[in-house]
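Written below as structure tokens is the structure these notes are about.
In the text below, chain A, chain B and the rest are named by the order of the sequence lines, each starting its count at 1. Heavy-atom basis, side chains included; hydrogens, waters and symmetry copies ignored.
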Protein chains: 2
Amino acid sequence: MAPRPASKPAEPSDKVGLICRALRRAIIEQALAPGAKLPEDSLGERFGVSRTIARHALGQLAAEGLVELRRNRIAVVATPSWQEARDAFDIRIELERLVVRQLAGKLTKAQIAELNTHVDAEDRARDGSDAVSIRLATEFHILLANMTNSPILVRYVSEVAYRCCLTLSLYSRPHSSECAINEHRAIIAALVKGDEAKVMSLMHSHLDSVASRALVAPAPQRGRDLLDILAPYAEEGERVVKLPKVVRAR
Amino acid sequence: MAPRPASKPAEPSDKVGLICRALRRAIIEQALAPGAKLPEDSLGERFGVSRTIARHALGQLAAEGLVELRRNRIAVVATPSWQEARDAFDIRIELERLVVRQLAGKLTKAQIAELNTHVDAEDRARDGSDAVSIRLATEFHILLANMTNSPILVRYVSEVAYRCCLTLSLYSRPHSSECAINEHRAIIAALVKGDEAKVMSLMHSHLDSVASRALVAPAPQRGRDLLDILAPYAEEGERVVKLPKVVRAR
DNA sequence: TGCGCCTCAATTGCATGCAGTTTGAGGGCC
DNA sequence: GGCCCTCAAACTGCATGCAATTGAGGCGCA
């Protein structure tokens, strides 16, 4: 009967989940820009785990669409096309309308307080880095989703919100999120009031305006240049031709 | 300049994907019922790969919600609660309304033919096993999603459709999918006609009726007995008390 | 007979090792 | 000077091995 000095329930470890969370956060804060390389070794070394674990984590993130995995190639942070970004926002709108529909008039006092606290934090971070603002704004939506107590809805909203975050860093140049905060407050108010239709419409226009502010030009306005421009021309997505290489006759 | 005898594009291998697809199919055809154990060794042996690969595949399926992974325990086919099933259908309704909204009036002749062919196959399978009927019905919806050319939408619709499939095997007893086939035909007709509002409403009522036919009773009507019944009483989802074990005073 | 403890086979968590593929940098050739 | 070829380093794909945890059967005790 060893004294068992509280070493039993210690760490559930879950190293994979740890790495996933870290990478997710790094990605949405743009510490890792789209296209950034993610070699298994480096990740493993950085997090003090073996390649096996890093690899597994990359697999999970790829399933979420945050990472692109090509066989025998280094994993990279996903670079969604403009169309994919638009699609993600469309899906997000529907999912989040569902969230607020379920939540309207059903929030507890504690939940309302939590939401207000969060928006206050958004307010305070307004002068900080854009990255933090974006993260907080995203987390507001995830916080809402969490309150539905529907694990599935939480997962989908989180995933698609992260993806949208990713596209923001790709396609929106200056990022103006100030007004978004007021829209968050309006959503909370409508939720408390219990006006289902109103809050659904608010959420719709909120996300729609974020999307349209961000996804302005279908034409890539400058970033990543050649790669992006050539992407649509690579038929099967397989191997874009190098730079000055001309495809010559067989 | 080797002749390169077409050995280059041969097998991309992708053993993980292979196993995932196989398991997914086995699950939705109810060859693997909810709660079925999925030991890594056995899977690896069965598919001729190492545990590493089997493990990775299980991780992917867990991310999709088809498999439950508990630390240090054997993976099992997911057993969604009744509430989760209901949530999945709610999400599915919104996603598939989006699908048909995007598709209304935009189908090519080839696509229409493909859809009709599929429904014909559903018709022919009507006398076969329920499992095949369910699979075909699900694949109809995934086929629709595919036609949106939105990879994200395809992924979410597929996932949530598989999850719903899973719940059908749990909560619906006899399964009556005959009328569903006619509803599929009606949806195709409305899509061709291009009536957005009509087709969205059709899809809504179609899925709603499938859900309500399947998810009849919030009370577990019989299956899996004690485990299911006790589940809601396990506060943190952690470790349901054994059978005749009484929690005694400290 | 029944209840609890103990032990051990089964199984997972994770790291490491080896083989095959890709990358990109240098050198030779035009 | 530019192109191509070659080769080695870097990296991924996968299997295997070892330690830790689980849970199930067996043994002892009441």
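Atom-to-atom, NZ of Lys15(A) to C1' of dA20(D) comes out at 12 Å; the value is rounded to the nearest Å. Between the CG atom of Leu43(A) and the C1' atom of dA10(D) there is a distance of 15 Å, rounded to whole Å. In this structure, the CG atom of Asn72(B) is 9 Å from the P atom of dC14(C), given to the nearest Å. Here dA19(D) presents its C1' atom at 13 Å from CZ of Arg71(B), a figure rounded to the nearest Å. Between Ile19(A) atom CD1 and dC14(C) atom P there is a gap of 9 Å when expressed in whole angstrom units. Computed from coordinates, the Asp41(A) CG to dT21(C) P distance equals 19 Å when rounded to whole Å. Protein atom CZ of Arg70(B) is 11 Å distant from nucleotide atom P of dG13(C), rounded to whole Å.
Judged as a ring pair (Phe, Tyr, Trp, His ring centres under 6.0 Å), and not counting sequence neighbours, His118(A) has no contacts. Residues satisfying the salt bridge (Lys or Arg N to Asp or Glu O under 4.0 Å) test with Arg86(B), not counting sequence neighbours, are Asp90(B), Asp208(B). Qualifying ring pair (Phe, Tyr, Trp, His ring centres under 6.0 Å) partners for Phe140(A), counting only residues two or more places apart in sequence or in other chains: His184(A). Listed by chain and residue number, Thr52(B), Ile53(B) satisfy the side chain to side chain contact (heavy atoms under 4.5 Å, CB included) test with Ser50(B) (two or more places apart in sequence, or in another chain). Take Asn146(A) and apply the side-chain hydrogen bond (donor to acceptor under 3.5 Å, both in side chains) test, not counting sequence neighbours, and it matches no residue.
Residue pairs satisfying the salt bridge (charged side-chain N to carboxylate O under 4.0 Å, His left out) criterion with at least one member in residues 160-170 of chain B, sequence neighbours excluded, are absent. Within the structure, salt bridge (charged side-chain N to carboxylate O under 4.0 Å, His left out) pairs that include any residue of residues 143-154 of chain B do not occur (at least two apart or interchain). The list of side chain to side chain donor-acceptor pair (under 3.5 Å) pairs with a residue in residues 53-67 of chain A, not counting sequence neighbours, reads Arg24(A)-Glu64(A), Glu40(A)-Arg55(A). Pairs passing the salt bridge (charged side-chain N to carboxylate O under 4.0 Å, His left out) check and including a residue from residues 135-144 of chain B, sequence neighbours excluded, read Glu29(B)-Arg135(B), Arg135(B)-Glu139(B).
With the end axes of the helix from dT1(C)-dA30(D) to dC30(C)-dG1(D) each set by five pairs, the angle from one to the other reads 0° at 10° resolution.
Within 4.0 Å (heavy atoms only), Lys37(B) reaches no atom of the nucleic acid at all.
Comparing dG23(D), dC14(C), dT12(D) by their nearest atom to the side chain of Arg73(B) picks out dG23(D). Side-chain proximity of Ile74(B) to dA15(C), dT12(C), dG13(D): nearest is dT12(C).
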Filtered N/O pairs between nucleotides 16-19 of chain C and protein, under 3.5 Å:
unit_1  : atom_1 : unit_2   : atom_2 : d
dT16(C) : O4     : Thr52(A) : OG1    : 2.9
dG17(C) : O6     : Arg51(A) : NH2    : 3.1

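The stretch residues 53-61 of chain B touches DNA chain C through Arg55(B), each having a heavy atom under 4.0 angstrom from the strand.
Mapping Val49(B) and Ala75(A) onto DNA chain D by nearest heavy atom places Ala75(A) closer to the 5' end of the strand.
Within the 3.5 Å criterion, the main-chain N or O of Tyr156(B) finds no donor-acceptor partner in the side chain of Glu159(B).
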Check your understanding: Stepwise, does the side-chain contact (heavy atoms from CB on, under 4.5 Å) test hold for Leu98(B) with Ile91(A)?
Key -> CA-CA 8 Å; Leu98(B) 189 52; Ile91(A) 295 174; 3.9 Å; yes
